[in-house]
Every structure is written in C-alpha cells, then in structure tokens.
Trainee: 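So that we are looking at the same thing, I have put the structure below in structure tokens.
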Amino acid sequence: MALGLTACGGDSDSVDSKTIKLVAADYGDKASNASKVYWNQVKKEFEKAHKGYKVDVQVINWNEIDKSVKNMIQAGDEPDLLQTGGYADKVADDLLYKADEVMSAKTRENLIPTFAKAGEVDGTQYGIPWVSSSRVMFYNKDVFKKAGVKAPPKTWDELAAAAKKIKDKKAAETPYALPLGPEETQGETMMWELGNGGGYTDADGKYTLDSAQNVETFEWLKTNLVKPGLTYANPASTDRKTAFADFAGGKVGMLNGHPSLIQMAKGGDVDYGVAPIPGKEGPLESTLGVADWMMAFKDGGAEKEGVKKFLDFTYSKKMLAFDEMYNLMPVTQDALKTMQSNGEHKDLEPFFEVLPEAKFYPLGDTSWDLVSAEIKKTGGKAVVDDPKQVLGDLQKKAESAAADAK
C-alpha cells in the first residue's frame with residue numbers, strides 16, 4: 001500500500017541547524033506497520049536524549065521516493081539524511097558526506113564489513129547500509145518426495161537431474177523457476193554467474209559481462225534447463241514475482257529466493273526447505289547480497305555534529321527494532337548476533353549463515369544504474385538466443401556507460 005505518510009516534526013518556522021530533516025522509505029503495507037510508527041519512536045527517544053535537537057521525518061512510499069527526492073534536490077531543499085535504495089548517483093553529483101564524517105568509528109565498526117564495503121565509491125564509503133537481504137535456494141519438499149529427489153542439489157548437474165525427475169513424475173508444473181524477466185534479471189543472472197566463478201566485474205572493477213565464464217553459464221542454462229523444458233518456456237519474459245507466486249501456489253519444484261518468500265510459502269501451505277544455491281562444482285561460497293541505504297547530504301542545513309549524533313543513536317540503539325518489525329536482515333553485527341541467538345528468527349537462520357560473505361552488484365560504480373537497466377531489458381535473452389552475442393552487446397553498452405560516467 002502506498003501510504004506516503006509524514007511523521008510529525010519541527011514546524012517550518014523553527015527549522016535551523018539543530019533540526020535534522022530525514023526522508024525515509026516506507027516498508028509497511030498497512031497503517032499499523034507503516035515506517036512512520038518506527039521513525040516517530042526514534043524521533044521521540046532521540047530528542048529526549050539530546051536536548052535542543054529536533055527531528056523532522058518525512059516517510060514516502062517506494063513508488064514515489066526517488067522522484068520526490070529528485071525534486072527536493074533540484075529545488076535546493078536537500079534533506080540532511082535520506083534512506084532509500086541507492087546512493088552512487090548522489091556521490092557522482094558530489095552531494096554526500098563521507099561515512100566517517102557523520103558516524104563515529106565505533107558505530108562504523110559495528111557494520112557488517114561486506115555491507116560497509118558495498119557502500120564505497122573508489123575506496124571511500126558514502127553509502128551506509130540500512131537493511132539487507134541474502135539469497136538461498138527454496139525447494140518444495142512434497143514435490144521432491146513425489147519425484148524421488150532425496151536431497152536438495154549441490155551442483156548444476158544435480159539440479160538438472162532433480163528437475164528432470166520432477167518433470168518425468170509430473171510432480172510440479174515448473175521443475176525449476178528461472179525468472180529472467182525485467183523485474184530482477186540482474187539478480188537471478190548474478191546468482192548463476194557466481195556459481196561459475198563469474199560475475200559483473202573483475203578485481204579492478206571493470207565490467208566483464210561477456211566473460212568466458214558468464215557465456216558458459218548461459219550456455220549451460222540454455223542447454224540443460226530451457227531446451228529440455230525444465231523451466232519456463234520463456235524465462236526472459238517471466239518476472240520474479242511470478243516465480244514466487246508459483247512457488248507459493250505449489251507449482252514450482254525449486255527456485256532461488258530471499259526472506260520474503262518464507263511468508264508467501266507459509267501462506268500457501270507449502271512445506272518448503274532451503275539450501276545453499278547450487279554452483280557448477282558445488283554450493284555457492286558467496287551468495288548474492290542486496291541492501292538498502294542511508295546517506296547524509298552536505299547541504300541539508302543541519303549541523304554535521306547533530307547528524308552524527310542521530311546516526312550513532314539510531315545505529316547503536318534502534319536497528320534491531322526496525323529489523324524485527326519487518327523480519328528483515330540486519331546490517332549491524334550486534335543486531336545480527338541478537339537475532340541469531342534469541343530463538344525468534346529460526347526461519348532466517350539459513351540467510352544469516354550466508355550473509356557475512358555475500359557478494360553485491362557493483363553499487364559503487366556510478367554507471368551501474370544504467371548497466372542494470374540494460375541487463376533487465378535484454379539479459380534474459382541469453383538463454384534463448386546466442387549467449388555470446390547477447391552478453392557481448394551488453395558488455396559494449398556497459399563499457400560506454402562506464403566511460404560516460406568518468
């Protein structure tokens with residue numbers, strides 16, 4: 001539900017360097033769990049602990065937040081803090097503080113290192129991770145039993161063999177759900193490429209979309225899953241939301257998923273299991289990680305010391321409350337430790353295990369948004385057309401976007 005709600009804050013007549021303006025995305029789907037509920041409590045507790053400071057919070061739904069923030073920036077009315085889905089474009093426009101300018105060393109050291117590093121541009125951290133997600137393979141236990149699949153696959157060949165059994169026994173409509181449609185092509189693609197030593201960039205950060213490993217990965221998918229009819233007839237036009245809904249409806253044997261699929265599966269009475277994502281030779285050692293971000297604007301208006309106090313307060317005292325409010329994965333080490341040990345998040349344990357070693361999109365590359373959009377448009381065609389040509393065309397566009405961003 002797009003709520004677009006605004007929390008109470010200091011009125012416009014009293015806004016000064018002691019007033020911290022925060023714009024945040026709404027993770028709720030109804031009034032009772034709207035993010036304004038969380039931020040109102042943070043505001044109340046912070047103002048009580050830090051006399052003289054005020055917090056002005058505006059909570060905007062995901063469909064509108066990027067457009068709203070863009071309008072704020074164009075009007076010269078930047079917030080002091082923004083919590084949303086990406087940060088690199090703001091770095092390119094020289095709008096943001098470095099993380100070490102607005103967070104204490106103690107607070108920064110509490111961030112899970114892989115997520116903190118994902119917030120870097122050219123070795124300097126600007127993006128401050130807010131919440132995270134990691135990926136594992138989900139499988140339908142009843143489908144496996146009906147098909148005679150005794151254990152979740154660990155390798156690609158085992159996955160193909162299991163999918164063939166499911167098809168032969170007609171245990172599920174779609175043995176393996178391969179969503180390479182425009183919703184999240186870049187996610188499913190990266191998970192498969194990681195399983196073959198590939199990915200989007202090399203150690204120097206240069207794009208490698210058409211590497212030999214990546215071409216081989218798509219050749220395997222085309223030959224072993226698509227052509228034998230072990231997945232959707234046209235993965236390039238099938239979105240993740242369709243695959244998730246099919247799994248929750250008992251129509252899918254296996255697929256890669258993130259924590260939100262847990263509740264969907266339970267809602268559909270699917271007896272599911274999870275396992276590490278299979279790779280070419282064995283399970284992925286590093287799975288895909290995704291994060292949302294907090295960032296601090298240099299021209300927001302509040303004094304830098306106040307912004308620092310607010311971030312230190314929020315990240316040291318209130319992160320666990322947000323993570324548990326939405327059953328999301330943490331980005332701070334203390335929240336991760338608590339959620340792993342308090343016995344209230346058993347369903348998230350497999351995601352916790354792979355979280356610290358997660359791999360990310362090249363988020364710090366200011367050309368990534370353009371490259372990601374191109375992958376979403378045409379990347380899925382690599383499993384039905386010539387993988388080398390499809391990935392080669394994407395590589396040329398990525399190199400052009402990277403050159404323009406410099």
Side-chain angles (χ1 to χ4, degrees), residues 133-181 184 187-192 194-196 217 220-235 238-288 327 345-355 383:
S133 173
S134 56
R135 307 296 169 90
V136 298
M137 188 184 77
F138 284 72
Y139 60 95
N140 185 315
K141 291 182 179 180
D142 292 333
V143 169
F144 270 32
K145 184 176 180 181
K146 185 176 179 180
V149 179
K150 300 189 184 310
K154 296 181 180 179
T155 67
W156 288 356
D157 287 346
E158 289 178 7
L159 185 148
K164 187 176 186 304
K165 287 183 178 181
I166 292 170
K167 182 182 180 181
D168 290 345
K169 294 287 187 179
K170 298 181 179 179
E173 185 177 304
T174 304
Y176 180 86
L178 182 68
L180 291 171
E184 204 199 28
E188 187 74 16
T189 293
M190 185 166 167
M191 284 182 272
W192 280 95
L194 286 172
N196 194 25
T217 295
W220 189 94
L221 288 168
K222 181 179 179 180
T223 302
N224 295 278
L225 290 185
V226 180
K227 283 186 175 180
L230 301 179
T231 185
Y232 295 112
N234 190 356
T238 306
D239 282 336
R240 183 188 65 188
K241 62 183 179 183
T242 299
F244 278 22
D246 285 350
F247 185 80
K251 300 177 182 178
V252 166
M254 304 170 277
L255 80 170
N256 296 329
H258 55 62
S260 70
L261 187 52
I262 293 172
Q263 294 305 322
M264 291 181 68
K266 289 180 177 177
D269 290 326
V270 172
D271 186 11
Y272 75 93
V274 297
I277 294 172
K280 183 181 178 182
E281 304 295 340
L284 265 62
E285 294 180 0
S286 300
T287 188
L288 174 65
N327 201 35
H345 306 280
K346 291 290 185 182
D347 54 357
L348 291 178
E349 286 180 358
F351 298 91
F352 292 145
E353 290 176 11
V354 298
L355 190 64
V383 292

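What's counted below: heavy atoms across the whole structure, side chains too, no hydrogens, waters or symmetry copies.
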Trainee: Within the structure provided, determine whether Tyr232 and Asp246 are in side-chain contact (heavy-atom separation under 4.5 Å).
Mentor: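 Result yes, sub-4.5 Å side-chain heavy-atom pair found.
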Trainee: Looking only at non-hydrogen atoms, find the nearest pair between Phe247 and Ala265 and report the distance.
Mentor: CE2-CB, 4.1 Å
Trainee: Within this structure, what is the NZ-NZ distance for the pair Lys170 and Lys146, rounded to the nearest 0.5 Å?
Mentor: 10.0 Å
Trainee: Below 30° counts as parallel, above 60° as perpendicular, anything between as tilted: where do the rings of Trp220 and Trp156 land?
Mentor: tilted
Trainee: Give the C-alpha distance, both sets of side-chain angles, the deciding distance and a yes or no for side-chain contact (heavy atoms from CB on, under 4.5 Å) between His345 and Asn327.
Mentor: CA-CA 8 Å; His345 306 280; Asn327 201 35; 3.7 Å; yes
Trainee: How long is the straight-line distance from CG of Leu230 back to CG of Asn224, given to the nearest 0.5 Å?
Mentor: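 Between atom CG of Asn224 and atom CG of Leu230 there are 8.5 Å.
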Trainee: Kindly compute the distance separating NZ (Lys169) from NZ (Lys164), expressed to the nearest 0.5 Å.
Mentor: 11.0 Å
Trainee: Would you say the side chain of Leu348 lies within less than 4.5 Å of the side chain of Pro259, judging by non-hydrogen atoms?
Mentor: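 Heavy-atom side-chain distance check passes, below 4.5 Å.
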Trainee: Under the side-chain contact (heavy atoms from CB on, under 4.5 Å) criterion, do Lys167 and Tyr176 qualify, and how do the steps go?
Mentor: CA-CA 10 Å; Lys167 182 182 180 181; Tyr176 180 86; over 6 Å; no
Trainee: Going by the salt bridge (charged side-chain N to carboxylate O under 4.0 Å, His left out) test, which pairs reach into residues 258-274, not counting sequence neighbours?
Mentor: Lys266-Asp347
Trainee: Looking at Thr287 and Arg135, would you say the former's side chain and the latter's main chain have a donor-acceptor pair under 3.5 Å?
Mentor: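 Flag set: sc Thr287 to bb Arg135 pair under 3.5 Å.
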Trainee: Without swapping roles, check the side chain of Thr231 against the backbone of Leu178 for a donor-acceptor pair under 3.5 Å.
Mentor: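 A pair under 3.5 Å: yes.
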Trainee: Which of parallel (below 30°), tilted (30 to 60°) and perpendicular (above 60°) describes Phe138 and Phe351?
Mentor: tilted
Trainee: Within this structure, what is the CE-CZ distance for the pair Met254 and Phe144, rounded to the nearest 0.5 Å?
Mentor: 5.0 Å
Trainee: State, to 0.1 Å, how close Val252 and Ala172 come at their nearest heavy-atom pair, and which atoms those are.
Mentor: C-CB, 4.1 Å
Trainee: How long is the span from the NZ atom in Lys251 to the OG1 atom in Thr174, to the nearest 0.5 Å?
Mentor: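 Separation between the atoms: 8.5 Å.
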Trainee: If I compare all heavy atoms of Ala243 with all of Ala177, which pair ends up nearest, and what's the gap?
Mentor: CB-CB, 3.9 Å
Trainee: With side-chain contact (heavy atoms from CB on, under 4.5 Å) as the test, pick out the partner of Pro278 among Glu158, Lys154, Met137.
Mentor: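 Exactly one candidate clears the test, Met137.
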Trainee: Which heavy atom of Leu159 sits nearest a heavy atom of Pro153, and at what distance?
Mentor: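 Taking Leu159 first and Pro153 second, the nearest heavy atoms are N-CB, 3.4 Å.
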Trainee: What's the shortest heavy-atom distance between Leu284 and Gly195, and which atoms?
Mentor: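 Heavy atoms of Leu284 and Gly195 come nearest at CD1-CA, 3.6 Å.
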Trainee: Please name the pair of heavy atoms, one in Gly181 and one in Asp239, separated by the smallest distance, quoted to 0.1 Å.
Mentor: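 Closest approach of Gly181 to Asp239, heavy atoms only: C-OD1, 3.3 Å.
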Trainee: Any non-hydrogen side-chain atom of Val226 less than 4.5 Å from a side-chain atom of Pro235?
Mentor: yes
Trainee: How about CD on Glu349, more than 12 heavy atoms from neighbouring residues, nucleotides or ligands closer than 6.0 Å, or not?
Mentor: yes
Trainee: As an exercise, state the distance from CG of Asn140 to NZ of Lys145, rounded to the nearest 0.5 Å.
Mentor: 12.0 Å
